[in-house]
Amino acid sequence: MSVFIIAEAGVNHNGDKELAKKLIDVASEAGADAVKFQTFKAHKLVSKHAQKAHYQQKNMQESETSQFSMLKKLELDLATHQELMAYAHQKNILFLSTPFDLESIELLVDLGLGIFKIPSGEITNLPYLRAIAKLHKKVILSTGMATMQEVKEAYNVLTTYGTPQENITILHANTMYPTPMEDVNLHAMQTLHKEFGVDVGYSDHTLGIEVPIAAVALGASVIEKHFTLSRDMQGPDHKASLEPHELSMMVSSIRNIELALGSYEKKPSPSEIPNISVARKSIVAAQVIQEGELFTEENLSVKRPAGGISPMQWDAIIGTKANKAYDVDEMIEEQ
């Protein structure tokens with residue numbers, strides 16, 4: 001099964017519909033399977049007293065510290081959702097969006113979304129988890145900042161209230177933008193697979209593309225990565241996002257790793273079979289050998305090409321009689 005690559009536009013549209021369409025263009029051209037935005041009502045998501053995260057304040061370089069004022073500018077209304085969905089369909093890429101409140105869940109249900117992404121920040125939100133579970137849809141659960149116990153509790157809510165186990169994919173994640181390499185802990189993704197027996201993946205917030213590529217090599221079935229038109233743009237997530245050429249490079253690298261992983265069977269590949277005769281060796285005469293002469297360690301050698309008696313038969317040949325005469329470097333024939 002091909003890795004499902006989500007190009008996370010998030011709020012990197014800066015509240016501009018035309019910019020959002022350009023992000024869809026980039027995701028489609030890069031070969032991602034889905035482009036994902038974020039659906040929320042600022043007044044439902046945060047109180048007016050909530051402060052921006054430190055990385056948001058640093059990235060935006062604004063004196064305004066309110067999460068509410070920041071998020072209010074980044075809301076997408078119903079009409080914009082509909083327009084972006086239609087545009088994504090036109091560009092042959094799946095439209096997804098992460099809901100951050102109950103009202104936004106309903107909006108995405110009405111739009112017919114078949115996959116619901118639960119962000120890391122909602123993993124301890126029981127009413128929210130229960131609402132998504134009752135949809136019986138496919139669910140992608142991010143686990144940034146979570147302990148294993150918190151993941152278990154969220155998973156149990158989903159399965160108890162209607163989401164089939166086979167519909168759940170759990171993403172390992174780290175909720176720091178950007179994530180320091182020493183905090184990635186990629187092996188935890190495999191721990192999640194062992195614990196829950198479901199598909200797992202990785203939502204990446206590191207700089208660069210090597211970690212999501214490594215995640216695919218370790219068994220990720222879903223990769224999510226933020227992208228932007230330019231890291232120089234103003235906004236909370238641009239600095240920790242890939243630029244278009246990097247997104248394309250990540251997608252193509254993942255597709256190459258998929259091909260490289262292959263099957264679990266160890267056998268010669270079609271491309272290397274022609275080299276067997278060139279690289280392997282045969283038992284040959286090291287000197288002129290007369291008919292009836294005994295083969296010895298001194299008068300035999302092992303040289304390329306293959307095609308004669310395999311050197312693995314060396315012990316069986318030593319001490320037998322030559323049934324014909326051999327010149328130097330002539331392959332010994334079956335006796």
Side-chain angles (χ1 to χ4, degrees), residues 1-9 23-36 88-96 114-115 117 138-143 166-174 178-179 181 184-228 240-280 306:
M1 185 176 67
S2 181
V3 175
F4 187 67
I5 301 176
I6 302 172
E8 171 68 68
L23 288 166
I24 292 173
D25 289 339
V26 167
S28 176
E29 290 165 8
D33 297 292
V35 59
K36 189 169 74 65
H89 181 73
Q90 178 185 331
K91 293 294 180 176
N92 199 32
I93 187 168
L94 182 65
F95 175 93
L96 294 177
I115 302 174
K117 166 67 192 302
K138 290 185 177 180
V139 173
I140 299 174
L141 174 66
S142 268
T143 60
E166 61 270 20
N167 280 10
I168 299 173
T169 299
I170 299 177
L171 302 189
H172 176 55
N174 180 293
T179 301
M181 285 295 179
V184 170
N185 192 23
L186 203 50
H187 282 306
M189 180 186 73
Q190 296 171 307
T191 301
L192 290 168
H193 177 65
K194 291 176 184 176
E195 181 67 34
F196 298 100
V198 300
D199 288 339
V200 294
Y202 176 61
S203 180
D204 185 50
H205 301 125
T206 62
L207 298 176
I209 65 174
E210 61 262 51
V211 179
I213 293 168
V216 171
L218 289 175
S221 63
V222 174
I223 291 294
E224 179 181 77
K225 182 75 173 179
H226 280 267
F227 75 104
T228 179
S241 300
L242 297 180
E243 292 189 339
H245 71 284
E246 295 169 316
L247 180 64
S248 294
M249 190 182 303
M250 185 193 80
V251 173
S252 64
S253 297
I254 286 173
R255 297 305 179 214
N256 282 339
I257 292 299
E258 285 182 290
L259 291 173
L261 286 172
S263 70
Y264 286 91
E265 183 180 4
K266 176 56 184 170
K267 64 179 182 179
S269 71
S271 64
E272 67 182 343
I273 287 174
N275 293 328
I276 291 177
S277 63
V278 176
R280 290 187 175 179

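- Listed by chain and number, the residues in a side-chain hydrogen bond (donor to acceptor under 3.5 Å, both in side chains) with Thr169 amount to none (sequence neighbours excluded).
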**OP:** Take Ile257 and Val3, measure what side chain to side chain contact (heavy atoms under 4.5 Å, CB included) needs, and give me the verdict at the end.
**Re:** CA-CA 10 Å; Ile257 292 299; Val3 175; over 6 Å; no
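- Taken from CG in Leu96 to NZ in Lys138, the straight-line distance is 11.0 Å, to the nearest 0.5 Å.
- With rounding to the nearest 0.5 Å, the separation of CG in Leu171 from CD1 in Ile223 is 8.0 Å.
- Identified under the ring pair (Phe, Tyr, Trp, His ring centres under 6.0 Å) test for residues 248-276, with sequence neighbours left out: none.
- Here the CD1-NZ distance, from Ile93 to Lys36, works out to 12.5 Å after rounding to the nearest 0.5 Å.
- Identified under the salt bridge (charged side-chain N to carboxylate O under 4.0 Å, His left out) test for residues 241-252, with sequence neighbours left out: Arg231-Glu246.
- Remark: Ser28 OG to Leu23 CG distance equals 12.5 Å, nearest 0.5 Å.
- Side-chain contact between Met250 and Ile5: present, with at least one pair of heavy atoms (C-beta onward) separated by less than 4.5 Å.
- In this structure Glu265 satisfies the salt bridge (charged side-chain N to carboxylate O under 4.0 Å, His left out) test together with Lys267, sequence neighbours excluded.
- For the 3.5 Å distance criterion, the side chains of Gln190 and His193 fail to qualify, holding no donor opposite an acceptor.
- Here Phe196 pairs with Tyr155 under the ring-ring contact (aromatic ring centres under 6.0 Å, His included) rule; sequence neighbours left out.
- Looking at heavy atoms from C-beta onward, Ile115 lies in side-chain contact with Leu94 at the 4.5 angstrom threshold.
- The line from CG of Asn167 to CD1 of Ile140 is 11.0 Å long, rounded to the nearest 0.5 Å.
- The side-chain hydrogen bond (donor to acceptor under 3.5 Å, both in side chains) check on Lys117 picks up Ser142, Glu224, with sequence neighbours excluded.
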Original post:
Run the side chain to side chain contact (heavy atoms under 4.5 Å, CB included) check on Asp199 and Phe4 step by step: do they pass?
Top reply: CA-CA 11 Å; Asp199 288 339; Phe4 187 67; over 6 Å; no
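- Side-chain atoms of His172 come within 3.5 Å of backbone N or O of Val184 as a donor-acceptor pair.
- When side chains are defined from C-beta on, Gln90 does not count as touching Ile24, because their heavy atoms never get closer than 4.5 Å.
- Looking at residues two or more places apart in sequence or on another chain, you find a salt bridge (charged side-chain N to carboxylate O under 4.0 Å, His left out) between Lys91 and Asp25.
- Identified under the side-chain hydrogen bond (donor to acceptor under 3.5 Å, both in side chains) test for residues 206-219, with sequence neighbours left out: Asp204-Thr206.
- In this structure Arg255 satisfies the side-chain hydrogen bond (donor to acceptor under 3.5 Å, both in side chains) test together with Ser2, Asp33, Glu258, sequence neighbours excluded.
- For Glu29, there are no salt bridge (charged side-chain N to carboxylate O under 4.0 Å, His left out) partners two or more places apart in sequence or in a different chain.
- With sequence neighbours excluded, no residue satisfies salt bridge (charged side-chain N to carboxylate O under 4.0 Å, His left out) with Lys194.
- Listed by chain and residue number, Asn174 satisfy the side-chain hydrogen bond (donor to acceptor under 3.5 Å, both in side chains) test with Thr179 (two or more places apart in sequence, or in another chain).
- The closest donor-acceptor contact from the side chain of Lys225 to the backbone of Gly208 lies under 3.5 Å.
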